**Student:** 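Take a look at the following structure, please.
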Amino acid sequence: MAKDHEPTDDSTDLALIARWKAGDERAATSLVARHAPALARFAVSLGQRADVDEVVQDTFVRAFGSMNSFRADSSLRTWLFTIERRLILDRRRSERRRRDDTSVDDVDAATEFDALDEIVAEEAESRVRRAVDQLSRLQKEVFLLRVNEGLSYKEIAEVVGSTEGAARVHYHNAMRAVKESLYV
Amino acid sequence: MFDCANVEMRELLADLAAGTLDDATRVRVERHVASCAECASELETLRLVRSAYAATPTVDVRRIVAALPKPVPFPQRAHGGHPVKRWIDWRVAAALTMISVGGLSLAVAHRRSMEVPPRDSTAAVPSVDTPRATPAKVAVAGGAPSVSHDTTRHVGQSGRPPEKSPPKAQLAFAGGLDDMDDASIKALLGALEEMDRAPVAPSEEPDPTPVLPVIKTGQP
């Protein structure tokens, strides 16, 4: 399994934040290196097919700009996911306003397959992605945060602005839908 | 396609795939998966999903770090280790304390001035000693003085403090009947009867007495 899939250490994050606040720029580099891959994956899983690097950068800029408001009630990664999700939704809204004649969701879905197919060509994985992409947006977010990032239902609820129980239901519905799509 | 009935194990499959379980739990879940076809299938699906989304777009960490804002410095202290802000805070706190204490004193003084002496309500009754001078303004049913024999009497229960020198023509009365002893009630009734006997000219002006609750005295 990829290294960046490993669970993060919250205490390390807090220590790095403290060092960054004290003026240590290397701490900022460490924080970005620890969380950027997960943020990039999450952006892709949300259908962000272009400018992923820019979205991740904007997320960090916004997070570091308001680091004093981070109270460590949740993990830093959960907080970063929350910020990134909001950024992506804002971007989509403004894109939708620009292209109000076209259904953005349809375009997203079609091009998302193409972009991801370029990354991974294996048939099984491609089928899995298709199955996951058929989920509703919220189901997909919950499912991938749970499976890919290993977030708890509580953390997922924080990211998507829902409840722990609702996140659990979304996850199990998504799992059932994916299995049906793959094996039935 | 069935789901495993062991909900606890099913819930932990995603954590097992993500590698976030502690050793003891991981071993327990792995043992379960080894003997459960449904969970083994679900775990395989989870690993496929992780694999499908494992490809991470490259991100330029250095570029991101260069774009980050600088940390906001902690509040600066004045030289000599005496924080200016704290000094100001003390002054504000002292001013607030003075205002609070002053306000409290005023409130206490005001409350004392409003307090009703225990038997002062009945003491006001004898002041109705000149009912003949002007029409007595006793709240009576119908507002007419001719109902002197009516057993229904209106008694103010506003609870307002008694005025020190109520107008002579008015029956001063504060508090309720419950506050009065028998002697006081008799004195009050006597005064009322005396007022009823007095010749009264109907007033041209509207009765300024507010509508008061009706209390049945039960007297014949």
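Keep in mind it's a predicted model, so treat the numbers as computed, not measured. Letters A, B, ... are given to chains in the order of the sequence lines, protein chains preceding strands, and every chain is numbered from 1.
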**Student:** How close do D53(A) and R63(B) get, counting heavy atoms only, and between which atoms?
**Tutor:** OD2-NH2, 2.8 Å

**Student:** Answer yes or no: is there a side-chain heavy-atom contact under 4.5 Å between V49(B) and L144(A)?
**Tutor:** yes

**Student:** Name all residues meeting the side-chain contact (heavy atoms from CB on, under 4.5 Å) criterion together with D23(B); count only those two or more places apart in sequence or in a different chain, and write none if there are none.
**Tutor:** R26(B)

**Student:** For the CD atom on E25(A), are there more than 12 heavy atoms of other groups (residues, nucleotides or ligands in this structure) within a distance under 6.0 Å?
**Tutor:** no

**Student:** Is a side-chain donor or acceptor of R129(A) paired with a backbone partner of Y53(B) at a separation under 3.5 angstrom?
**Tutor:** no

**Student:** Need one label for R10(B): side chain, backbone, both or neither, based on atoms under 4.5 Å from any heavy atom in chain A.
**Tutor:** side chain

**Student:** Testing the 3.5 Å rule here: is there a donor-acceptor pair between the side chains of Y183(A) and S41(B)?
**Tutor:** no

**Student:** Just so I know, are the side chains of V65(B) and L31(A) near enough to count as touching, which here means a heavy-atom distance under 4.5 Å?
**Tutor:** no

**Student:** What part of V178(A) gets closer than 4.5 Å to chain B, counting heavy atoms only: side chain, backbone, both or neither?
**Tutor:** side chain

**Student:** Rounded to the nearest 0.5 Å, how far apart are CG of L151(A) and OG1 of T20(B)?
**Tutor:** 9.5 Å

**Student:** Could you please state which residues from residues 157-167 of chain A sit under 4.5 angstrom from chain B, measuring non-hydrogen atom to non-hydrogen atom, sorted by number, or 'none'?
**Tutor:** none

**Student:** About how many Å separate CZ of R62(A) and CG of L68(B), when rounded to the nearest 0.5 Å?
**Tutor:** 14.0 Å

**Student:** Please identify which of these residues, H172(A), M175(A), R176(A), meets the side chain to side chain contact (heavy atoms under 4.5 Å, CB included) condition with D3(B).
**Tutor:** R176(A)

**Student:** P69(B) and W20(A): which non-hydrogen atoms are nearest, and at how many Å?
**Tutor:** O-CZ2, 3.3 Å

**Student:** Do you know the tightest heavy-atom contact between A36(A) and V59(B)?
**Tutor:** CB-CG2, 3.6 Å

**Student:** Restricting to non-hydrogen atoms, name the atom on G150(A) and the atom on A18(B) that form the minimum distance, rounded to 0.1 Å.
**Tutor:** CA-CB, 3.7 Å

**Student:** Rounded to the nearest 0.5 Å, what separation is found between the NZ atom of K179(A) and the CG atom of L46(B)?
**Tutor:** 8.5 Å

